[in-house]
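Just so you know, residue 1 is the first one in the sequence shown, and it goes up from there. Each ligand, and each atom within it, is numbered from 1 in the order the structure gives. All values below were derived from every heavy atom in this structure, side-chain atoms included, with hydrogens, water molecules and symmetry-related copies excluded.
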Amino acid sequence: MNKAKRRTVIAGNWKMNKTPSETTALINEMKPLVKDADCDVLLCVPFVDIAAATKAAEGSNIKIGAENVHFKESGAYTGEVSANMLKECNVEYVVIGHSERRQYFGETDQTVNLRTLAALNGGLKAIVCVGETLEQRELGYTETLLKYQTKMALTNVTAEQLKNVIVAYEPVWAIGTGVTATAEQADEGNGFVRAAIAEVYGKDVAETVTVQYGGSMNAKNADELLSKVNVDGGLIGGASLKAEDFSIIVKAASK
Ligand code: PEP
């Protein structure tokens, strides 16, 4: 296992937080704090904040992502946004299949796959989220579920396209709850994701894919979580809304 083969990526997921003016202020506060990062730094923001975010981040090492993408290029899909729209707004990444989308907005493994393909075909990089509920963990289905979700999300994704995919292991019970997986649980979950990728694309390819952990990662626990061999970065919710906390996580990932 060689972690050096993979890019470490720290991505903020702002969820439904921050107006455009607040976006400008927060990114301006973050820029000097993360400028020396030795990892990729990325903020995934609400659609309406993208223009402010890309403008504020211009010339810095902060990349901008969106929080969802539709699987069609255009059409009668009220409220949705397509990959080419995001691309034209200078968006580089998009979060797909976040558990909040699965839980509250009817996202399924099939739609996660379609959105992933649309993002990749549209020239975006995809951060695909997978994760088990507490009930699934307690029933002993974590490995089965993570492998299934990973393979379903990546159906018809070519090995070449996989270079633009990050998978985020996010145990549902740890998201926004303040309950963090132990470093061992995070490492194990990420390992299951990598094993699923290896089963489809081979071990060598799987070794190159960035697998993040997400779920209440914060300034205090980031060091330990990121020290694990399978944890190639983090998808950060709450702590990405505070410049200093986010920068501490970025620094932990840069060691
Ligand atoms: C997330 O939004 O993906 C997330 C992990 O949230 P939090 O860090 O707040 O648990």
J.: Output the list of atoms in ligand 1 that are nearer than 4.0 Å to some heavy atom of Leu235, sorted by atom number.
T.: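 Per the distance check, 3 (O), 5 (C).
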J.: Give yes or no for whether the N/O distance cutoff of 3.5 Å, strictly under, is met between Gly215 and ligand 1.
T.: no
J.: Looking at Asn90 and Lys55, would you say the former's side chain and the latter's main chain have a donor-acceptor pair under 3.5 Å?
T.: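 No; judged by distance alone, with no hydrogens or angles, the pair does not exist.
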J.: If you measure only the distance, is there a donor-acceptor pair under 3.5 Å linking the side chains of Glu107 and Thr111?
T.: yes
J.: Before accepting this row, confirm whether a basic side-chain N of the pair Asp109/Arg102 lies closer than 4.0 Å to the acidic partner's carboxylate O.
T.: yes
J.: For residues Glu132 and Tyr169, is any side-chain donor paired with an opposing acceptor at under 3.5 Å?
T.: yes
J.: Check this for me: does any side-chain nitrogen of one of Glu184 and Lys228 sit under 4.0 Å from a carboxylate oxygen of the other?
T.: yes
J.: Kindly say whether Thr24 contributes a backbone atom to a donor-acceptor pair with the side chain of Asn28 at under 3.5 angstrom?
T.: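 A pair under 3.5 Å: yes.
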J.: Using a strict 4.0 Å cut-off to heavy atoms of Gly176, name the atoms of ligand 1 that fall inside it.
T.: 7 (P), 9 (O), 10 (O)
J.: Is there a donor-acceptor contact under 3.5 Å linking the side chains of Thr133 and Gln136?
T.: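 Side-chain D/A pair, Thr133 to Gln136: present.
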J.: For ligand 1, find out whether one of its N or O atoms is nearer than 3.5 Å to an N or O atom of Ile236.
T.: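 No, no N or O pair falls under 3.5 Å.
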J.: Please say whether Thr177 places an N or O atom under 3.5 Å from an N or O atom belonging to ligand 1.
T.: no
J.: Are any of the N/O atoms on His98, whether in the backbone or the side chain, positioned under 3.5 angstrom from an N/O atom of ligand 1?
T.: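 N/O-N/O distance below 3.5 Å exists for this pair.
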J.: Heavy-atom distances under 4.0 Å decide this one: backbone, side chain, both or neither, for Ala174 against ligand 1?
T.: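 Backbone only.
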J.: Using distance alone, decide if ligand 1 has a nitrogen or oxygen within less than 3.5 Å of any nitrogen or oxygen in Ile175.
T.: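 In this structure, Ile175 places no N or O atom under 3.5 Å from an N or O of ligand 1.
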J.: Could you tell me which atoms of ligand 1, counted from 1 in the order shown, lie closer than 4.0 angstrom to a heavy atom of Ser216?
T.: 7 (P), 8 (O), 10 (O)
J.: Please state which option from Ala11, Gly237, Ser240, Gly214 has its nearest heavy atom closest to atom 4 (C) of ligand 1.
T.: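 The option holding the nearest heavy atom is Gly237.
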J.: Counting non-hydrogen protein atoms only, what is the nearest one to atom 9 (O) of ligand 1? Give residue, atom name and distance.
T.: Gly238 N, 2.9 Å
J.: Should the proximity of Glu170 to ligand 1, defined as any heavy atom under 4.0 Å, be assigned to the side chain, the backbone, both, or neither?
T.: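 Near ligand 1, Glu170 shows its side chain, while the N, CA, C and O stay back.
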J.: Give a yes or no on whether the backbone of Val209 and the side-chain of Arg194 come within a donor-acceptor separation of less than 3.5 Å.
T.: yes
